[in-house]
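Contents: one structure, followed by commentary.
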There are 2 protein chains.
Amino acid sequence: MTTPCNKRRSSCPISFSLDVLGDKWTLLVMRDLIFMRKRRFGDFLNSAEKIATNILTQRLRNLEHAEIVTRRTDPENARQVLYELTAKGLDLIPVLLDLIIWGARYDLETGAPQEFLTRAQTDRKGLIEELRNSILEQSSNE
Amino acid sequence: MTTPCNKRRSSCPISFSLDVLGDKWTLLVMRDLIFMRKRRFGDFLNSAEKIATNILTQRLRNLEHAEIVTRRTDPENARQVLYELTAKGLDLIPVLLDLIIWGARYDLETGAPQEFLTRAQTDRKGLIEELRNSILEQSSNE
DNA sequence: CTGTATCCTTAGGGATACTG
DNA sequence: CAGTATCCCTAAGGATACAG
């Protein structure tokens, strides 16, 4: 079942992005990677939205093939696997950030971290840099 | 079939956003509204990705219910219908902008408008303001 | 032009059992 | 822990044809 990546709908940057990210689960996994600092299969499974194991596997493979995450075994524990963001994956931080901002603004039920939001408005670049760096640090300090 | 909007998967701003936008077509319609300045049913149909009529109807209804677009008949032509962005819809410009930037950076096949991209980097806020204003102007000058 | 209505197919996804 | 393997089912989507 070696499907080549021929599922492109058109040649348009947005369409390109959506062909990779535009489904019900992928960006949720990205949220976990970026904001929840999750890196292991079981961590993703435990998220509130309850993704099924087969679907999660599928999405992680997709992200791997898209070179958005890498997969490696934990050097400290050979039975653990770590999924980590590549540079290409880190470059999605702005997208996720904007989704938070919009969601928090219009979702009246959910309380969102206010200090985070104002920070996102006043110092967007700095916030992105900070997120990026602390993720990089987390990955490299083993 | 009056399904209440009970399809929320969790209380999280990103999850909230994705429950509205996270499918194969919705953000493509948003792209057409924001960047292609499309406002009519037939315009959306003519996009490169070839959405089916029933799906398009469905998505436009969703966006209406989510109060992201409004629907009205063209005052200049009673047989035409205009779909237009609300304030809530205009607030999605940043998300779409970031999807363009990321897509353009990593999609090696598609040539993206370079001047637009550099502008997005150097004067993000100004660019968003400009887009927003010119869309508002387009809607109101009838 | 802006849709409805239908039919039909497939992909996406939930549940669960099982494996190295 | 990190998945595979199944089964099964529904929703999503394509392809028309047709209507106001």
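Every chain is numbered from 1 and lettered A, B, ... according to where its sequence line falls, protein lines coming before strand lines.
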Note to self: Taking the minimum atom-to-atom distance to the side chain of R59(B), which one of dG13(D), dT2(C), dG3(D) wins?
What the structure shows: dG13(D)
Notebook entry, point to check: Which part of the nucleic acid, if any, lies within reach of Y83(A) when heavy atoms closer than 4.0 Å are counted: base, sugar-phosphate only, or nothing?
Noted result: sugar-phosphate
Margin query: Between K50(A) and S10(B), do the side chains contain a donor N or O and an acceptor N or O under 3.5 Å apart?
Written below: no
Check: Are the charged groups of D19(B) and R9(B) less than 4.0 angstrom apart, N to O?
Finding: yes
Item checked: Whole-Å distance separating the CZ atom of F44(B) from the C1' atom of dC1(C) -> 14 Å
Next item on the list: Calculate the interatomic distance between L28(A) atom CG and dG12(C) atom P; express it in whole Å.
Entry: 17 Å
Check: Could R124(A) and D98(A) be called an ion pair, given the rule that one side-chain N must be under 4.0 Å from one carboxylate O?
Finding: yes
Next item on the list: Please check the phosphate of dG13(D) (OP1 and OP2 only) for any side-chain N or O of Q58(B) closer than 4.0 Å.
Entry: no
Notebook entry, point to check: To the nearest angstrom, how far is L63(A) atom CG from dG3(D) atom P?
Noted result: 13 Å
Notebook entry, point to check: Could you state the CG-P distance from D43(A) to dC1(D), rounded to the nearest angstrom?
Noted result: 9 Å
Check: Can you tell which of dA2(D), dG13(C), dT2(C) lies closest to the side chain of D23(A)?
Finding: dG13(C)
Margin query: Closest approach to the side chain of R61(B), judged atom by atom: which nucleotide of dT4(C), dT4(D), dA2(D) is it?
Written below: dT4(C)
Item checked: d(CZ, F41(B); P, dT2(C)) in whole Å -> 8 Å
Notebook entry, point to check: Is E49(A) salt-bridged to R31(A), cutoff N-O under 4.0 Å?
Noted result: yes
Next item on the list: Mark up nucleotides 14-20 of chain D, 5' to 3', with B wherever a protein heavy atom is under 4.0 angstrom from a base atom, S wherever such an atom reaches only the sugar-phosphate, and - elsewhere.
Entry: BBB----
Check: Have E84(B) and T70(B) got a donor and an acceptor in their side chains that come within less than 3.5 Å?
Finding: no
Note to self: Using whole Å, what does the distance between atom P of nucleotide dG14(C) and atom CG of L56(A) come to?
What the structure shows: 12 Å
Note to self: Using a strict threshold of under 4.0 Å (side-chain N to carboxylate O), is an ion pair present between D91(B) and R105(A)?
What the structure shows: yes
Checklist line | Between dA11(D) (P) and N62(B) (CG): distance, integer Å | finding: 14 Å
Check: If you draw a 6.0 Å radius around CD in E115(B), do more than 12 non-hydrogen atoms from other residues or ligands fall strictly inside?
Finding: no
Note to self: If I take atom CD in residue E76(A) and atom P in nucleotide dC1(D), what distance separates them, rounded to the nearest angstrom?
What the structure shows: 17 Å
